[in-house]
Amino acid sequence: MKLLLLLLLAFFCLSLSRCEEKYVPYDYSATIECLGNPNKPQYNGGIIVNPDLQNGSQGWSQLGNAKVDFTEFGGNKFVIARGRNRSYDSVSQKVYLEKGLLYTFSAWLQVSQGNAPVRAVFKKNGEYKLAGSVIAESKCWSMLKGGLTVDESGPADLLFESEDTSAEIWVDSVSLQPFTQEEWNSHHEQSINMKRKGAVKIRAVNSAGEPVPNATISILQNKLGFPFGCAVESNILGNQAYQDWFTKRFTVTTFGNEMKWYSTEVVRGKEDYSTADAMVKLFQQHGIAIRGHNIIWDNPIYQPSWVKALSVSDLYNAVKRRVFSVVTRYKGQLAGWDVVNENLHFSFLESKFGPKASYNVFAQAHALDPTTTVFMNEYNTLEQPGDPVATPARYLQKLRELQSIHVAGNIPLGIGLQSHFSTPNIPYMRSALDTLAATGLPNWLAEVDVAAPPNVQANYFEQILREGHAHPQVKGMVTWAGYNPKGCYRMCLTDGNFRNLPTGDVVDKLLREWGGLSGQTTGLTDADGFFEASLFHGDYNLDISHPLTNSTASHSFKLTSEDSNPSPSVFRV
């Protein structure tokens, strides 16, 4: 009983101190290089006992048939799991996981020979919950970053597993940091204030240059600075109601089918770009950017029907012609190209032309249009930590191959993440973005949608969009929810009369938060004629009026990430 009281007192003190402290900031950093020595554990290990193995075996134990050695090399202490006969023979630590908390996880790993995928797993009530994975190497340390939530509170065993049982698994600098939902939301706010917003300083003066106090300032946002959009199909052409609904909200789009090879060349040698051209013209008239989707799709079932009958040499010429045709037609008109779609899951080109096939298509596209960003575009990198084909580590492997392309200078690569979710694992999503952000390349959520029951779909959709918008290295988002009278792919934003569904309400709610839908900021100048506001990046109209002098002035301005510490803009009124 005394022990129970002591534990309750300790928990109360811990909870009280946590409430009194400021929220724990999130560490967005990740390392994608293999290092000679691991970095220190993030968050000093969080709730992990002995996270840097400085205290030998304290907190750690053997799992399964592995032999566990606590060792030191070059002043660095770590643990080795060797003699492994099964994937889960490992080193382990018992932790207590709480429902409702969001956990970010990291560890530094090495294997004894070659390289091998290693997963971080939490075993709870006989079930295995994957937190993340990395391709560990020998002779250097790789960082695994991941995350998880749990459905119920209770003890769990952390372990590291690999299907390569011949490999020893070396472990160091382990961290498991819990966050409350309030803390998680505070990370969004902090990141948005740093990356999506800027300070506006205005001074109103009269014709003599004297400050004008109590002037009314009205600032209207015309366009979001952060690219946010939705996919469309050809049914938007000629449909004024759809066009009005769409153009009021979005600044970027992707065509669901109209630029794809099977749409533009149904019969070999007879190209027809008329539908795609009409759609390009429509969105250019409204100042809406277009992501090119796609040059080649690596899935064999989505090739033009006539392709399957071609010899290898004929197919080679047909692919080269396709790349030349579509890239030169839209050169300089697109916000980016999805070049070889779903290149990690499928290998149609590689099966015909060998392992350099995708590399060659990227190189050709870049040579034809050197200023347009070319994207890998893949699914399950954010959505499903259990898909071994498309983990962040596998994505990086392919990305490094493409980064070696040097045609007309370094290739401008972008990271396209389709984001077709079911039940989102938000901590894992953030950690995967952290890992890919370490490349310094632009990340886009390229096809966001949610396949989930109606009672949770809109909520999940909002979580994903908030997470993407707040992440420092996400440069744009496109939802995959364009209206189609025959049925949307996985979700719609509106009904057939373009009245919002719950998912459409989420879009409007977020747009209003981010200053969209003609968001307005108003206020009065102070005694010295100054007015300050923190606004989302975008295009604005500014109106200044003063009732005593019956004078008004209107101006327009653009607020970008470059305007971090602007000097006051002086306007006469």
Novice: Taking atom types as modelled and ignoring hydrogens, do the side chains of N299 and E342 form a donor-acceptor contact shorter than 3.5 angstrom?
Specialist: no
Novice: Hey, are H420 and E447 close enough side-chain-wise for a donor-acceptor pair under 3.5 Å?
Specialist: yes
Novice: We want to know whether Q62 and S92 form a side-chain donor-acceptor pair, criterion being a heavy-atom distance below 3.5 angstrom.
Specialist: no
Novice: Under the side chain to side chain contact (heavy atoms under 4.5 Å, CB included) rule, what do Q418 and N341 come out as? Steps first, then yes or no, please.
Specialist: CA-CA 10 Å; Q418 290 188 9; N341 199 44; 3.8 Å; yes
Novice: Checking side-chain hydrogen bond (donor to acceptor under 3.5 Å, both in side chains) for the pair N484/E233: CA distance, chi angles, key distance, verdict?
Specialist: CA-CA 7 Å; N484 189 318; E233 296 183 35; 3.1 Å; yes
Novice: Between W60 and F70, does the ring-ring contact (aromatic ring centres under 6.0 Å, His included) criterion hold? Intermediate values first, please.
Specialist: CA-CA 10 Å; W60 296 95; F70 297 87; 7.8 Å; no
Novice: I'd like to know if the side chain of E161 reaches the main chain of S87, judged simply by a donor and an acceptor atom lying under 3.5 Å from each other, with no hydrogens or angles considered.
Specialist: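 Such a contact is absent between E161 side chain and S87 backbone.
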Novice: Would you confirm whether the ring centroid of H187 sits within less than 6.0 angstrom of the ring centroid of Y23?
Specialist: no
Novice: Any donor-acceptor pair under 3.5 Å linking the side-chain atoms of Y88 with those of D157?
Specialist: no
Novice: Verify whether one side chain among N380 and D387 offers a donor that lies under 3.5 Å from an acceptor in the other.
Specialist: yes
Novice: Under a plain distance cut-off of 3.5 Å, with no hydrogens placed, do D52 and S173 share a side-chain donor-acceptor pair?
Specialist: no
Novice: Using the side chain to side chain contact (heavy atoms under 4.5 Å, CB included) rule, pick out the option among T435, V174, V134 that qualifies with L144.
Specialist: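 Of the listed options, the one satisfying the test is V134.
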Novice: Are K77 and N55 side-chain neighbours, meaning at least one heavy-atom pair lies under 4.5 Å?
Specialist: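 Of all side-chain heavy-atom pairs linking N55 with K77, none is under 4.5 Å.
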Novice: Verify the distance criterion only: is there a donor paired with an acceptor across the side chains of N50 and Q54 at less than 3.5 Å?
Specialist: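 Q54 and N50 do not have a side-chain donor-acceptor pair below 3.5 Å.
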Novice: So, N257 and H293: side-chain donor and acceptor under 3.5 Å apart, yes or no?
Specialist: no
Novice: Using modelled atom types only, decide if a donor and an acceptor are shared between the side chain of N497 and the backbone of R499 within a distance under 3.5 Å.
Specialist: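 Checking the backbone N and O of R499 against the side chain of N497, no donor-acceptor pair under 3.5 Å is found.
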Novice: Would you kindly check if the NZ (Lys) or CZ (Arg) of R119 is within the cone defined by 45 degrees around the ring axis of F160 and under 6.0 Å from the six-membered ring centre?
Specialist: no
Novice: Distance only, no hydrogens: is a donor on one side chain within 3.5 Å (strictly under) of an acceptor on the other, for S358 and E350?
Specialist: yes
Novice: Between E168 and W170, does any side-chain donor sit less than 3.5 Å from a side-chain acceptor?
Specialist: yes
Novice: Regarding S162 and D164, do their side chains bring together a donor and an acceptor under 3.5 Å, going by distance alone?
Specialist: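 Side chains of S162 and D164: no pair found under 3.5 Å.
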Novice: So, E33 and W141: side-chain donor and acceptor under 3.5 Å apart, yes or no?
Specialist: no
Novice: Under 3.5 Å, is there a donor-acceptor pair between the N115 and E137 side chains?
Specialist: no
Novice: Side chains of S106 and Q177 only: does a donor on one sit below 3.5 Å from an acceptor on the other?
Specialist: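 Side-chain D/A pair, S106 to Q177: absent.
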Novice: Ignoring hydrogens and geometry beyond distance, is a side-chain donor-acceptor pair present between W108 and N37 at under 3.5 Å?
Specialist: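 Side chains of W108 and N37: no pair found under 3.5 Å.
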Novice: For A390, does its backbone N or O pair with a side-chain atom of T381 as donor and acceptor, under 3.5 Å?
Specialist: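 Here the side-chain-to-backbone pair exists.
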Novice: Does any non-hydrogen side-chain atom of I135 lie less than 4.5 Å from one of R394?
Specialist: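 A side-chain contact exists here, since the closest heavy-atom pair is under 4.5 Å.
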